[in-house]
J.: 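Sharing a structure, written as structure tokens. Questions coming.
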Protein chains: 2
Amino acid sequence: MGRQRPGTPTLEEVAALAGVGRGTVSRVVNNAAGVRDSTRRAVRQAITELGYVPNLAARSLAGHRADAVALVMTEPDWRLFGEPFFTEVVHAVGDALTDTPVQLLLTLVRTDTERQRFVEYARGGRVDGVLLMSVHAEDALPDMLAKAGLPTVMLGRRSGDETITYVDADNTAGARGAVAHLLDTGRTTIGAVSGPLDMYVAQCRLRGYREALEGAGVTPASSLVVEGSDFTEQSGRRAMADLISRRPELDAVFAASDTLAAGALDALRAAGRRVPRDVAVIGFDDVHPARPTDPPLTTVRQPLGEIGRTMVRLLLEEMEDSPAGRRSVVLPTELVVRDSA
Amino acid sequence: MGRQRPGTPTLEEVAALAGVGRGTVSRVVNNAAGVRDSTRRAVRQAITELGYVPNLAARSLAGHRADAVALVMTEPDWRLFGEPFFTEVVHAVGDALTDTPVQLLLTLVRTDTERQRFVEYARGGRVDGVLLMSVHAEDALPDMLAKAGLPTVMLGRRSGDETITYVDADNTAGARGAVAHLLDTGRTTIGAVSGPLDMYVAQCRLRGYREALEGAGVTPASSLVVEGSDFTEQSGRRAMADLISRRPELDAVFAASDTLAAGALDALRAAGRRVPRDVAVIGFDDVHPARPTDPPLTTVRQPLGEIGRTMVRLLLEEMEDSPAGRRSVVLPTELVVRDSA
DNA sequence: TTGAAAGCGCTAACAC
DNA sequence: GTGTTAGCGCTTTCAA
């Protein structure tokens, strides 16, 4: 068992050495106002002399806060942990917390054992709030935390009527803009490689595709839409192969993720199509910065940095406020034109 | 501020409901022996009924331990955080901790502010021990932790007489084996693309190179060794270009990292050499699984999983034991032959 | 086997 | 301004 070495100086000892009361030392340590400057100096001196460091367990117990928040990655496939998507968010969250006294704790939750342990950790008061990344629709963790009354902010939504505070990209508008761009550049027969429609993000992106077509007076043909079974490149290849055989005349494709787009690209080439000349491809840029593709694709980019910062802002608000109304945020995406599609 | 919602049940309330004393509830919660089965059941019942979760701050304060360890990434270049090298270690550490009641906390330390905050967090008793990844020689963190008496285990060494417990790969032997392999396969003029020699890992790898040559009765020529200014591909390209111009007759190269090897490969090709036919290349496999190179290179692989598990073992030992003698570990590497070099 | 009680080191409310 | 004091909720003797 580790913990503070025995012999670690306490507030009391500092007070004794400085010749003041414990309350005063506490005020100095916490930079509270109402302490004479000379006293403050004397206390600081004693602190330095003794090498005093506050016992955080005692502080938590008495102060009812942990000064820490957890950023949880609930991902059975831990390899995704290394994706630029997540590192970018982690970075932004770290930055947003840098000027606060709040310690950021990253946590991996892969199994039910780990889920249980983390919930006890959080409910036990070791963190004041929780940020959730990569939440799957069927994950029990978000509701466990909500039920425990812990301030929680999610990256993305699980459904249209998400009950937990979230920060999401405007997937619908992003997809709509992408398809509108394709229409603007003269493409007429635009296919869609959708993600699995049991995921809300896939629903939104497909909706955006449809809305853009309808906005242009085109009725979206179901023969132009293929649903991938997941977001992998392989799904993209299969879906695209399917799409070409069904509608060989298509001249553009909207893919619901960068991985699906990469797969679609493979399939198009295998079918002898040139991209973007014969067929233009636009995909979402989920793991910004995007994996290099050749040719570079026009993408819909999520503002990951801002997403991370916003998550922190909402979390801090929830931590301070009384249970005010949830105010989730949906951030705009950006169309990054990289080809002459 | 968050923390346990007001109204969270306490040990005392559980005791009252179960009609027992607080001590008994504590014993049940901690699975301590010496409680009659019927009592235990009654207490469990009350715990469930109330939804009781122990307050971890109180437990820490009274029990002098946190039941948590930190895995710290001290890396100003946070992008490295996503490298397979680190995700592999994180994964192994997580696995090794899964059967313990210890919560793993990943922490990013990028700036001095964050360094200070983390030290206060750790010294404040929020973790029982610390695992350090990616330590730079001049980083103050390891010594700060050691001075505070916190059980600490490092991945790698900062120098030959490392004072902190560490787990390292046997870089010298790995390099020696790699070069011996080149000699065995008939190569005679073997160059070395070294890493920056102010880093201990680079020293070890170069020493292994020299030892292998000496073992074969060859005196290592200094004209065959080039020191990269860092471990980047660009350094590899420069160093290799230098090497070719100096010793155009070389037929093999030992690179001190996979990135240097990738750069060396570029330079060799640029010079019109075929790899591995004209020139065989062996590099260390630092970011296993290695980035795909074409052609696949023979590499020296570090046992990252075992490194992570060993770090946890040593840390748990240091946490339990009295300050017994440090017993660091150096693990063997594996030569992975992928070409016919 | 179990209950009672003494802290763990701090914050915050209240006196002076 | 500053000292004093009452807990925060738990673990851990020590008796019973």
Side-chain angles (χ1 to χ4, degrees), chain A residues 1-43 46-47 50-67 101 120-121 123-126 128, chain B residues 1-43 46-47 50-67 101 120 123-126:
Chain A
M1 316 285 175
R3 277 274 310 174
Q4 301 211 156
R5 301 288 108 215
T8 297
T10 69
L11 238 201
E12 179 116 36
E13 299 175 50
V14 174
L17 178 58
V20 301
R22 307 193 330 212
T24 303
V25 178
S26 179
R27 282 170 207 126
V28 172
V29 170
N30 295 289
N31 290 313
V35 180
R36 195 181 305 150
D37 252 23
S38 59
T39 313
R40 197 179 287 275
R41 264 196 300 280
V43 172
I47 287 177
L50 259 33
Y52 169 75
V53 177
N55 178 316
L56 264 25
R59 176 177 284 176
S60 278
L61 186 56
H64 303 285
R65 66 211 164 70
D67 282 330
E120 274 164 25
Y121 186 84
R123 292 195 59 187
R126 297 301 275 261
D128 299 320
Chain B
M1 309 292 176
R3 277 276 305 175
Q4 300 210 160
R5 302 289 106 215
T8 298
T10 68
L11 238 199
E12 179 117 37
E13 300 176 50
V14 174
L17 178 59
V20 302
R22 308 191 331 209
T24 303
V25 178
S26 179
R27 282 170 208 127
V28 171
V29 169
N30 295 290
N31 289 314
V35 180
R36 197 181 305 150
D37 252 23
S38 58
T39 312
R40 196 179 289 273
R41 264 194 300 279
V43 172
I47 288 176
L50 259 34
Y52 168 74
V53 177
N55 178 315
L56 264 23
R59 176 178 283 177
S60 277
L61 186 57
H64 301 284
R65 66 214 164 70
D67 283 329
E120 274 164 26
R123 291 195 60 187
R126 298 299 276 261

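Per chain, numbering begins at 1; letters A, B, ... match sequence-line order.
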J.: From A/L61 CG over to B/N55 CG, what is the distance, rounded to the nearest 0.5 angstrom?
T.: 6.0 Å
J.: Across the strands shown, which category fits B/T10 at heavy-atom distances under 4.0 angstrom: base, sugar-phosphate, nothing?
T.: sugar-phosphate
J.: Out of D/dG7, D/dG9, D/dT11, which has the shortest distance to the side chain of B/R59?
T.: D/dT11
J.: Enumerate the residues from residues 28-41 of chain B whose closest heavy atom to DNA chain D is under 4.0 Å, giving them by residue number; use none for an empty result.
T.: B/N30
J.: Please report, rounded to the nearest Å, how far the P atom of C/dT11 is from the CZ atom of A/R22.
T.: 10 Å
J.: Suppose we screen for side-chain contact (heavy atoms from CB on, under 4.5 Å). Which residues come up paired with B/L17, at least two apart in sequence or across chains?
T.: B/A46, B/E49, B/L50
J.: When you check the phosphate oxygens OP1 and OP2 of D/dG3, does a side-chain N or O of A/T24 lie under 4.0 Å from one of them?
T.: yes
J.: Working to the nearest 0.5 Å, report the span between OH of B/Y52 and OG1 of B/T8.
T.: 10.5 Å
J.: Closer than 4.0 Å, any side-chain N/O of B/S26 to the OP1 or OP2 of D/dT11?
T.: yes
J.: Consider side chain to side chain contact (heavy atoms under 4.5 Å, CB included). Of A/R123, A/E120, A/R126, which one does B/L56 pass it with?
T.: A/R126
J.: Quickly work out the A/E12 CD to C/dC8 P distance and round it to whole Å.
T.: 9 Å
J.: Measure CZ/B/R65 against C1'/C/dC8 and give the value in whole Å, please.
T.: 13 Å
J.: Please tell me if the side chains of A/R59 and A/V29 come closer than 4.5 Å, counting only heavy atoms from C-beta onward.
T.: yes
J.: From the list C/dC10, C/dG3, C/dG9, which nucleotide is the closest neighbour of the side chain of B/V20?
T.: C/dG3
J.: Polar atom pairs between nucleotides 14-16 of chain D and protein, under 3.5 Å, N or O only, would you list them?
T.:
none

J.: Between B/G19 and A/Y52, who's closer to the 5' end of DNA chain C by nearest nucleotide?
T.: B/G19
J.: Just the rounded figure in Å: distance from P of D/dG9 to NE2 of A/H64.
T.: 6 Å
J.: Which residues pass the side-chain hydrogen bond (donor to acceptor under 3.5 Å, both in side chains) test with A/D37, sequence neighbours left out?
T.: none
J.: Looking only at heavy atoms, which two atoms of B/S60 and A/A57 are closest? And how far apart?
T.: CB-CB, 3.5 Å
J.: Could you check how far CG of A/L61 sits from C1' of C/dC8, rounded to whole Å?
T.: 9 Å
J.: Rounded to the nearest angstrom, tell me the gap between atom CG in A/N55 and atom P in D/dC10.
T.: 16 Å
J.: Rounded to whole Å, how long is the line connecting atom CG of A/L56 with atom C1' of D/dC8?
T.: 15 Å
J.: List, one per line, each side-chain donor-acceptor pair under 3.5 Å for residues 18-28 of chain A, sequence neighbours excluded.
T.:
residue	atom	partner	partner atom	Å
A/R22	NH1	A/E12	OE1	3.4
A/S26	OG	A/N30	ND2	3.4

J.: Roughly, in whole Å, what's the span from CZ in B/R123 to C1' in C/dC10?
T.: 17 Å
J.: Using five pairs at each end of the helix from C/dT1-D/dA16 to C/dC16-D/dG1 to define an axis, what is the angle between those two axes, to 10°?
T.: 30°
